[in-house]
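Note on naming: letters A, B, ... go to the chains in the order of the sequence lines (proteins, then strands), and numbering restarts at 1 for each one. All heavy atoms count here, side chains included; hydrogens, waters and symmetry mates do not. Note that the coordinates shown come from a computational prediction; the quantities given were computed from them, not determined experimentally.
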2 protein chains.
Amino acid sequence: MKRPTIADIARRAGVSKGAVSYALNGQPGVSEATRQRIVAIAQEIGFNPNSAARALSGASARAVGLTLCRPARILSIEPFFMGLISGFEAELAARSYALTLQVVATPEQEVEVYRRWWGERRIDGVIVTDLRENDVRIPVLQQLQLPAVVIGGPGDTGKIAQVWSDDAGAITEAVRYLVALGHRRIARVGGLPDLLHTRTRTRAFEEVCTSLGLNEAVTMPSDYTGEEGGRATRRLLIGADRPTAVIYDNDVMAVAGLAVAQEMGLSVPGDLSIVAWDDSPLCSLVHPPLTALSRDIAEYGAHAARELLAAIDGKQVSNVEAGTAHLTPRGSTAPPR
Amino acid sequence: MKRPTIADIARRAGVSKGAVSYALNGQPGVSEATRQRIVAIAQEIGFNPNSAARALSGASARAVGLTLCRPARILSIEPFFMGLISGFEAELAARSYALTLQVVATPEQEVEVYRRWWGERRIDGVIVTDLRENDVRIPVLQQLQLPAVVIGGPGDTGKIAQVWSDDAGAITEAVRYLVALGHRRIARVGGLPDLLHTRTRTRAFEEVCTSLGLNEAVTMPSDYTGEEGGRATRRLLIGADRPTAVIYDNDVMAVAGLAVAQEMGLSVPGDLSIVAWDDSPLCSLVHPPLTALSRDIAEYGAHAARELLAAIDGKQVSNVEAGTAHLTPRGSTAPPR
DNA sequence: CTCCACAACTTATCCGGTTCAGTAAATTTT
DNA sequence: AAAATTTACTGAACCGGATAAGTTGTGGAG
């Protein structure tokens, strides 16, 4: 079955290719009657413009790219990215942009993918996650002049748009809450230490602990996996001065931490309070359900997609903060015994 | 910064566009010396062929499509799809095919996306998940002659390639194992009842229970969400003749079921044994870790991708079984008290 | 020495849209 | 009523590759 082209429509309507193009794109240059006739024919034969031909004649590819730089075993379980993707989609589909995805192993590979995609004119822009300090991707994006939006700042990205959420504010709220419950020894299991938002969180965590007069603010670095999260928790709990509350940088590690506590015979929240960052259905799934720092990740993604589309349209965009995570108390936090 | 084209290379090498095209594609028609010179120049200036131009001149789009038809809140937590995507990617990236993704709400929307993608020549083929009985997508794919591979059979898909795993064998193994432990009242919390593989599992579950002389084989239909899985578990456990073992159709529902049991004061595995289908890190994360039917989902995805690429290359492919899930016993199963 | 075959190119066309420069007819302006 | 403008188109060029068809130049066979 041959797929119809504008030439087919032109023949059937008895006009030229140009007229068909004007008619279908809402451009002036055809009468209303002709336009309707052409649109009707296009509808009837199920015409879709060849995206390659369109992209070739100067227009855009109508696609944006996203690379995921995490090992498969983390990606599969980490709810964050799927939530983000759902959010992107809502915006992109509305403007019929496609989302092109690639799983990579390293930031260097990621850069290669950007170069290739942009060189191939496969995409009009990219969404960059996991911003790092002195991120190798930023200068490449600038050099290529590839429209982009960065998630996970704030950081130094020059003219590249950013979307971030107020991580410092969120962790401050969580610590204040735990202190209000009576906790004095609060630890944290952090995400990948290289990521900029991990650093922001660590710094804010230390600051609020100091300001509230807590003697120490231990952050165990981790990597978002359940195994590491569990190990870090075990290390925290075997110490003499074991914490009475732990804040986790993602939900997967929090769930793993809960399991470790249960396995060690500790009661949650009696002996240990747990706070998860990023509230996914996972948090309400386990017993007890986890107190979490909630934010609307899909909306966060949608926000990023809107910024990216604006950047693609050539609008100069400033950095945008997309809301603070707020504390959703559930069964995993209580005053210490 | 203008992105280089073969014309740029041709000018610098002092040859024609055609020669450059032959050289870069390994076609005969240029001398080895010239080819190397051209390749070197292409490398130096960072040339990537414009995918649109390539697609336009008869070649393929070098992209495949995948639609995800689940609400965002399920997608975000369901590890299956991300695992599948990782598997696709491994194959696709190796042959530098791009993966285009779209989240949709209904199979009808999915069909629309297929039509559009194919009409736009945006993709060369699609991966279809969640096969249903009398699936509306199958006739459309056949009519469009859109290369495809279906995951989730076996079912009637005509000439469209299928990849499936032996669900009947897996559930039989699980039930036999539970019976060997001494269980006589085994229930199941199933996935979406419309899906073909859910039916296969249900039928096999009933058969093996009958053949082993168990009086009843209750399957509570569910929808893969934690909430529903928890609710179904609660309904099973409040009955007079409550089961001593439950098999769940995905890991998320199994974790939710575990939480419900704990919340009702039942000990796992003492009072209730739990088996999860599809072993994700989630299963080893909770306490006790869940006995699961494991299969390599990424490999499953890779398999599907290979079949799809074969179909795109015009090879007639037969249906392929991609291995049976095998039982991984962990702490959530034991003889009943 | 001529003819042929073949390598190593060049030239031109095509893919299917977009867009610009025409052009004839209709409408408005003066 | 003639001139100017506008409307509604057509025709052709163009985007950047792939590729079929044509053009040289060279070496070997006869």
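The A:P49 side chain lies nearest to C:dG17 when the options are D:dC9, D:dG16, C:dG17. Here the nucleotide nearest the side chain of B:L56, chosen from C:dC15, C:dG17, C:dT18, is C:dC15.
Side chains of B:L84 and B:I127 form no contact here, defined as non-hydrogen atoms less than 4.5 Å apart. Within the 4.5 Å cutoff, the side chain of A:L144 has heavy atoms near those of the A:R115 side chain.
If you measure from atom CZ of A:R122 to atom P of D:dG17, you get 13 Å, rounded to the nearest angstrom. Rounding to whole angstrom units, CD1 of residue B:I45 and C1' of D:dG16 are separated by 13 Å. In this structure, the CG atom of A:L24 is 14 Å from the P atom of D:dC9, given to the nearest Å. Between B:I6 atom CD1 and C:dT11 atom C1' there is a gap of 13 Å when expressed in whole angstrom units. In this structure, CD of A:E32 is placed 14 Å from P of D:dT7, rounded to the nearest angstrom. If you take CZ of A:R37 and C1' of D:dC9, they are 12 Å apart, rounded to a whole angstrom. We find that CG of A:N25 is positioned 10 Å from P of C:dG17, with the value rounded to whole Å. Following rounding to the nearest Å, A:R3 (CZ) and C:dG16 (P) show an atom-to-atom distance of 9 Å.
Looking at A:R3, its side chain does come within 3.5 Å of a backbone N or O of B:W118 through a donor-acceptor pair. Side chain of A:Q162 to main chain of A:G155: a donor-acceptor pair is present (N/O by atom type, distance under 3.5 Å, no hydrogens or angles). Without hydrogens or angle criteria, B:R137 side chain to B:V111 main chain gives no donor-acceptor distance under 3.5 Å.
Residues B:G14 and B:G119 both approach DNA chain C. Their nearest nucleotides, taken by heavy-atom distance, put B:G14 toward the 5′ side.
No contact: A:V20 has no heavy atom under 4.0 Å from any strand. Base contact: A:S21 has a heavy atom under 4.0 Å from a base atom. Counting non-hydrogen atoms under 4.0 angstrom, A:T34 reaches the backbone sugars and phosphates but no base.
For a distance-only test at 3.5 Å, the side chain of A:K17 qualifies as a donor-acceptor partner of the base of C:dG17. Within 3.5 Å, a donor on the side chain of B:Y22 pairs with an acceptor on the base of D:dA20, or the reverse.
Between A:S57 and C:dG17 there is no side-chain N or O to OP1 or OP2 distance below 4.0 Å. One finds a side-chain N or O of B:S31 lying less than 4.0 angstrom from the OP1 or OP2 phosphate oxygen of C:dC9. Regarding contacts with the backbone of C:dT18, a side-chain N or O of A:R54 is found under 4.0 angstrom from either OP1 or OP2. For D:dC15, the OP1/OP2 oxygens have no side-chain nitrogen or oxygen of B:T5 closer than 4.0 Å. For D:dC15, the OP1/OP2 oxygens have no side-chain nitrogen or oxygen of B:N50 closer than 4.0 Å.
With B:Y300 as the aromatic partner, B:R295 meets the cation-pi criteria of under 6.0 angstrom to the ring centre and within 45 degrees of the ring axis.
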